[in-house]
K.L.:
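Sharing a structure below in structure tokens format, with a few things to ask.
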Amino acid sequence: MVRLEPIGPDNWREELAVREDQRRFVSDPNRLLARAYAHRAQRSQAKLIREDDVPVGMLMYFDWRSAGRYVFSQLFIDQRYQGRGLGEQAARLALDEMRADGRFQKVCLCYAEGDEPARRLYEKLGFRPTGEVDGDEVIMVLDHL
């Protein structure tokens, strides 16, 4: 069973990494935690993804108050656990948390152009491209949580 656990002093050092060929698309755990810290005023939520008691990945989201939406900023599954649907399950749990929080009805995210697994996952979750890009990142939105 997949579950999300807040990242804190007892679990932030988990040894997690994506494959070498994915590193241009995904932040490493330290960068994810740095981003969560940088967005702490926006109620950032850094989560460890566990399958049962095994750490398998991380994700992070935060509020974008001025745009009236959440930003689903980071998601990765460790290379040892990919291809089992864990990223989708974790993303759905994060969206459920946002839905339960209830501050906003929209969620935006971006993925690096060329990261087709990410694009397919986000489309499966209901995100659609906005037509905007930020550098080499494609911006997507989920209009209704």
Side-chain angles (χ1 to χ4, degrees), residues 1-8 10-39 42-64 67-145:
M1 171 183 232
V2 174
R3 64 185 172 89
L4 303 180
E5 173 182 299
I7 295 176
D10 297 330
N11 64 5
W12 72 274
R13 292 182 188 219
E14 297 295 343
E15 293 293 326
L16 300 167
V18 296
R19 295 187 323 256
E20 183 68 35
D21 64 313
Q22 297 171 319
R23 290 189 180 153
R24 67 186 181 106
F25 299 132
V26 182
S27 291
D28 67 34
N30 292 328
R31 189 173 170 107
L32 182 147
L33 294 174
R35 187 170 282 171
Y37 181 79
H39 288 283
Q42 289 80 38
R43 296 187 331 128
S44 63
Q45 300 292 314
K47 305 287 182 159
L48 183 65
I49 304 165
R50 290 192 182 270
E51 182 181 36
D52 299 318
D53 287 329
V54 178
V56 298
M58 291 182 173
L59 63 79
M60 195 269 282
Y61 62 90
F62 60 90
D63 293 357
W64 185 6
R69 63 189 64 180
Y70 299 100
V71 177
F72 196 163
S73 178
Q74 304 286 308
L75 168 66
F76 77 88
I77 299 297
D78 182 272
Q79 61 190 339
R80 297 167 291 178
Y81 307 103
Q82 293 178 5
R84 298 173 27 195
L86 302 174
E88 179 181 350
Q89 292 176 59
R92 289 187 188 283
L93 290 172
L95 292 171
D96 287 346
E97 285 186 2
M98 292 177 223
R99 195 174 290 114
D101 180 65
R103 284 184 185 228
F104 311 109
Q105 294 302 306
K106 291 185 178 191
V107 183
C108 68
L109 57 77
C110 55
Y111 71 91
E113 194 168 341
D115 187 355
E116 288 306 302
R119 182 192 59 78
R120 286 191 303 271
L121 169 62
Y122 298 137
E123 285 179 350
K124 187 174 185 178
L125 294 169
F127 286 86
R128 64 171 178 76
T130 63
E132 300 172 78
V133 293
D134 183 8
D136 70 341
E137 296 195 343
V138 178
I139 300 172
M140 299 182 87
V141 67
L142 178 65
D143 290 309
H144 303 288
L145 268 176

K.L.:
Kindly indicate, with the supporting measurements, whether the criterion side-chain contact (heavy atoms from CB on, under 4.5 Å) is fulfilled by Ile139 and Asp134.
P.N.:
CA-CA 7 Å; Ile139 300 172; Asp134 183 8; 4.2 Å; yes

K.L.:
Give the intermediate values and the outcome of side-chain contact (heavy atoms from CB on, under 4.5 Å) for residues Arg84 and Val56.
P.N.:
CA-CA 11 Å; Arg84 298 173 27 195; Val56 298; 5.7 Å; no

K.L.:
Under the side chain to side chain donor-acceptor pair (under 3.5 Å) criterion, do Gln22 and Gln82 qualify, and how do the steps go?
P.N.:
CA-CA 12 Å; Gln22 297 171 319; Gln82 293 178 5; 2.9 Å; yes

K.L.:
So does Arg3 pair up with Asp53, basic N to acidic O under 4.0 Å?
P.N.:
yes

K.L.:
Please determine whether the number of non-hydrogen atoms from other residues, nucleotides or ligands lying under 6.0 Å from atom CD of Glu15 exceeds 12.
P.N.:
no

K.L.:
In this structure, are over 12 heavy atoms from other groups packed under 6.0 Å from Glu123 atom CD?
P.N.:
yes

K.L.:
Please tabulate, one pair per line, all N/O donor-acceptor pairs under 3.5 Å involving side-chain atoms of residues 30-38, not counting sequence neighbours.
P.N.:
{"unit_1": "Tyr37", "atom_1": "OH", "unit_2": "Arg40", "atom_2": "NH2", "d": "3.4"}

K.L.:
What pairs with Arg128 under side chain to side chain donor-acceptor pair (under 3.5 Å), at least two apart in sequence or on another chain?
P.N.:
Asp143

K.L.:
Determine, stepwise, if the pair Glu97 / Tyr61 fulfils side chain to side chain donor-acceptor pair (under 3.5 Å).
P.N.:
CA-CA 10 Å; Glu97 285 186 2; Tyr61 62 90; 2.5 Å; yes

K.L.:
NE2 of His144 to NZ of Lys106: how many Å apart, nearest 0.5 Å?
P.N.:
7.5 Å

K.L.:
For the residue pair Gln105 / Arg99, report whether a side-chain donor-acceptor contact shorter than 3.5 Å exists.
P.N.:
no

K.L.:
Can you tell me how far CG of Leu121 sits from CG of Asp115, rounded to the nearest 0.5 angstrom?
P.N.:
9.5 Å

K.L.:
CE/Met60 to CG/Leu75 distance, rounded to the nearest 0.5 angstrom?
P.N.:
11.5 Å

K.L.:
Using a strict cut-off of less than 4.0 Å between a Lys/Arg side-chain nitrogen and an Asp/Glu carboxylate oxygen, indicate whether Glu88 and Lys124 qualify as a salt bridge.
P.N.:
yes

K.L.:
Carefully, step by step, assess Leu48 and Arg50 under the rule side-chain contact (heavy atoms from CB on, under 4.5 Å).
P.N.:
CA-CA 6 Å; Leu48 183 65; Arg50 290 192 182 270; 3.6 Å; yes

